[in-house]
Amino acid sequence: MTPEQFSSAVLAWYDQHGRKDLPWQQNITPYRVWVSEIMLQQTQVSTVLGYFDRFMAALPTVKDLAEAPEDEVLHLWTGLGYYTRARNLQKTAKLIMSEYGGEFPPDVDKLSDLPGIGHSTAGAIASLSMGVRAPILDGNVKRVLARYVAQEGYPGEPKVAKQLWDVAERFTPQQRVNHYTQAMMDLGATLCTRSKPSCLICPLQSGCKAHLLGLEIRYPIPKPRKALPQKSTLMPIFANQNGEVLLYRRPSTGLWGGLWSLPELDALDATEQLAKQHQLTLGEHLPLSGLTHTFSHFQLAIEPWLIHVEAIPGAVAEADWLWYNLATPPRLGLAAPVKKLLKRAAEALGSV
């Protein structure tokens, strides 16, 4: 196929089969498209739907996001993971307000310079919400193009990535670029799927090299696998007589940055020093069922202990610590495994 035949086939398929009823496809604005694109990074559409609606209800404009408390932003993001995305969202919102007067620049390079917005996300924002001709190369589009040209090499390697960007640039049309961009993402999400592509009903099958070779599943070439390192930690759940649990805010950078979490210790006897720090008297210790949380670069085995404590009258938590009420929880950003552990603690305490 020529580039014109390629884009025409994609657009004809979109007109008949493309998704047009997703929440961020209604009342299209750069802000709504941007938030949806960030949420959709490494996250399935079905998961994002509820989060997007709640986020927009709470923070409907870029100004609202820029001015919101960080805890509120992280609370709305709790469970989506990769929390750097949420912190970068707010950083970018503040820059949009201060540097661009509250308007997103219709320029891919300027968008790419903003925190958390890479080249592909910038292209999606520009093309979907502003009609700018800009190629994209998210995970779904990368899979479609890698199969179409039978691209050798792992796409994460700079040389291979550049070759795929060249392909994306060549096939992106001058007209209806917003529909073409959406159609390419839809093709990857609904037909050209990772394990069971629906080649027989794909509009690109006649020119797809991977299909013609019968090697669809071979592409894109996967990243060479390495065994994930294993780490472990003990998390004490200090619960006072009011049904409150002691949490602390993690540093703004690094793992679970800015989120509220349980303390992490090497061993159970280290709880005595932590209790002393917060003027707590330790009571009954109850082991809870452990859990393993998988990050992109390692696995963390968590050993949780529910520990009843009595607080010395008048003692208050320090600045980055607070007592979290399990029955009427405040709106805070919590790491997903911490949220699970708090639910188990609440059940054990009879709070739910």
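From a predicted model like this one, the values you see are computed outputs, not experimental measurements.
In terms of hydrophobic clustering, with Ile, Leu, Val, Met, Phe, Trp and Tyr side chains grouped at heavy-atom distances under 4.5 Å, Ile217 and Val144 are assigned to different clusters. Grouping the Ile, Leu, Val, Met, Phe, Trp and Tyr side chains by contacts below 4.5 angstrom, directly or via other members, places Leu213 apart from Leu145. Residue Leu265 is grouped with residue Trp305 when hydrophobic side chains (ILVMFWY) are merged at heavy-atom distances under 4.5 angstrom, including chains of intermediate members.
Checked by atom type and distance alone, the side chain of Arg147 never pairs as donor or acceptor with a backbone atom of Cys208 at under 3.5 Å. Side chain of Thr78 to main chain of Leu334: a donor-acceptor pair is present (N/O by atom type, distance under 3.5 Å, no hydrogens or angles). Between the side chain of Thr181 and the backbone N or O of Asn178 there is no donor-acceptor pair closer than 3.5 Å. At least one donor-acceptor pair under 3.5 Å links the side chain of Arg133 to the backbone N or O of Thr172. Checked by atom type and distance alone, the side chain of Glu284 never pairs as donor or acceptor with a backbone atom of His308 at under 3.5 Å. Judged purely by atom type and a 3.5 angstrom limit, Thr92 has no side-chain atom pairing as donor or acceptor with the backbone of Leu89. Side chain of Ser129 to backbone of Ile28: no donor-acceptor contact under 3.5 angstrom is found. Checking side-chain atoms of Gln279 against main-chain N and O of Ala311 turns up no donor-acceptor pair under 3.5 Å. With hydrogens and angles ignored, the 3.5 Å screen pairs a side-chain donor or acceptor of Thr43 with a backbone N or O of Gln41. Proximity of a side-chain donor or acceptor of Gln26 to a complementary backbone N or O of Lys20 within less than 3.5 Å is detected.
Separating the OG1 atom in Thr47 from the CD atom in Gln42 is a distance of 13.0 Å, to the nearest 0.5 Å. In this structure, CG on Leu204 lies 4.5 Å from CZ on Phe6, to the nearest 0.5 angstrom. In this structure, CG in Leu300 is found 6.5 Å from CD in Glu264, a value given to the nearest 0.5 Å. Between atom NE2 of residue His179 and atom CG of residue Leu128 there is a gap of 9.5 Å, rounded to the nearest 0.5 Å. Atom-to-atom distance recorded for Tyr180:OH and Ile136:CD1 is 9.0 Å, nearest 0.5 angstrom. Atoms CD and NZ, from Gln90 and Lys94 in turn, are 4.5 Å apart once rounded to the nearest 0.5 Å.
The side-chain heavy atoms of Tyr248 and Ser261, taken from C-beta on, include a pair separated by under 4.5 Å. Between Arg218 and Glu152 the shortest side-chain heavy-atom distance falls below 4.5 Å. The shortest distance between side-chain heavy atoms of Pro105 and Ile96 falls below 4.5 Å. Taking 4.5 Å as the limit, some side-chain heavy atom of Met130 sits within range of a side-chain heavy atom of Leu111. A 4.5 Å side-chain heavy-atom check between Leu247 and Leu262 finds at least one atom pair inside the cut-off. You'll find the side chain of Pro203 reaches within 4.5 Å of the side chain of Leu187, heavy atoms only. Side-chain contact between Leu268 and Pro236: absent, with no pair of heavy atoms (C-beta onward) separated by less than 4.5 Å. Val167 is not listed as a side-chain neighbour of Trp165, based on a closest heavy-atom distance of 4.5 Å or more.
Within 6.0 Å of CZ in Arg170 there are more than 12 heavy atoms belonging to other residues, nucleotides or ligands. In the displayed structure, Gln277 atom CD is contacted under 6.0 Å by more than 12 heavy atoms of other residues, nucleotides or ligands. Under a cut-off of 6.0 angstrom, the local environment of CD in Gln241 is crowded, with over 12 non-hydrogen atoms contributed by other residues, nucleotides or ligands. Residue Asn242 qualifies as enclosed at atom CG: its count of foreign heavy atoms under 6.0 Å is above 12. Heavy atoms of other residues, nucleotides or ligands lying less than 6.0 angstrom from CD of Gln299 number more than 12.
Residues Trp13 and Ala183 approach most closely at CZ3-O, 3.7 Å, considering heavy atoms. Pairing each heavy atom of Ala348 with each of Leu286, the nearest pair is CB-CD2, 4.3 Å. In this structure, Leu137 and Ser120 approach most closely via the heavy-atom pair N-OG, 2.8 Å. Nearest heavy atom pair, residue Val177 against residue Val132, reads CG1-O, 3.5 Å. Closest non-hydrogen pair, Glu216 versus His211, comes out as OE2-ND1, 2.7 Å. Closest approach of Ile237 to Pro304, counting heavy atoms only: CD1-CB, 4.4 Å.
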**Request:** Could you go through the side chain to side chain contact (heavy atoms under 4.5 Å, CB included) check for His17 and Ile201 one step at a time?
**Result:** CA-CA 11 Å; His17 303 291; Ile201 56 174; over 6 Å; no
**Prompt:** Going through the checks in order, is the side chain to side chain donor-acceptor pair (under 3.5 Å) test met by Asn140 and Arg143?
**Reply:** CA-CA 5 Å; Asn140 286 320; Arg143 187 164 56 253; 2.7 Å; yes
**Worked check of side chain to side chain contact (heavy atoms under 4.5 Å, CB included) between Ile125 and Val108** = CA-CA 8 Å; Ile125 296 167; Val108 171; over 6 Å; no
**Message:** Please determine whether side chain to side chain contact (heavy atoms under 4.5 Å, CB included) holds for the pair Thr271 and His285, giving the CA-CA distance in whole Å, both sets of side-chain angles, and the decisive distance to 0.1 Å.
**Reply:** CA-CA 11 Å; Thr271 57; His285 291 47; 4.2 Å; yes
**Item:** Intermediate values then yes/no, salt bridge (charged side-chain N to carboxylate O under 4.0 Å, His left out), Glu99 and Lys110
**Value:** CA-CA 11 Å; Glu99 303 294 325; Lys110 289 181 179 178; over 6 Å; no
**Test log, rule side chain to side chain contact (heavy atoms under 4.5 Å, CB included), inputs Tyr82 and Asn88** = CA-CA 11 Å; Tyr82 302 100; Asn88 281 335; over 6 Å; no
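Aromatic ring centres of Phe104 and Trp34 lie closer together than 6.0 Å.
Note on ring orientation: taking the six-membered ring where Trp is involved, the planes of Phe55 and Trp77 are perpendicular (angle over 60°, cut-offs 30° and 60°). Classified by interplanar angle (parallel below 30°, tilted 30° to 60°, perpendicular above 60°), the ring pair His297/Phe295 is tilted.
Between the side chains of Trp260 and Asp71, at least one donor-acceptor pair of N or O atoms lies under 3.5 Å. Side-chain atoms of Ser252 and Arg87 form no donor-acceptor pair, as typed in the model, at a separation below 3.5 Å. Arg85 and Tyr83 are not linked by any side-chain donor-acceptor pair at a separation below 3.5 angstrom, with hydrogens and angles left out of the test.
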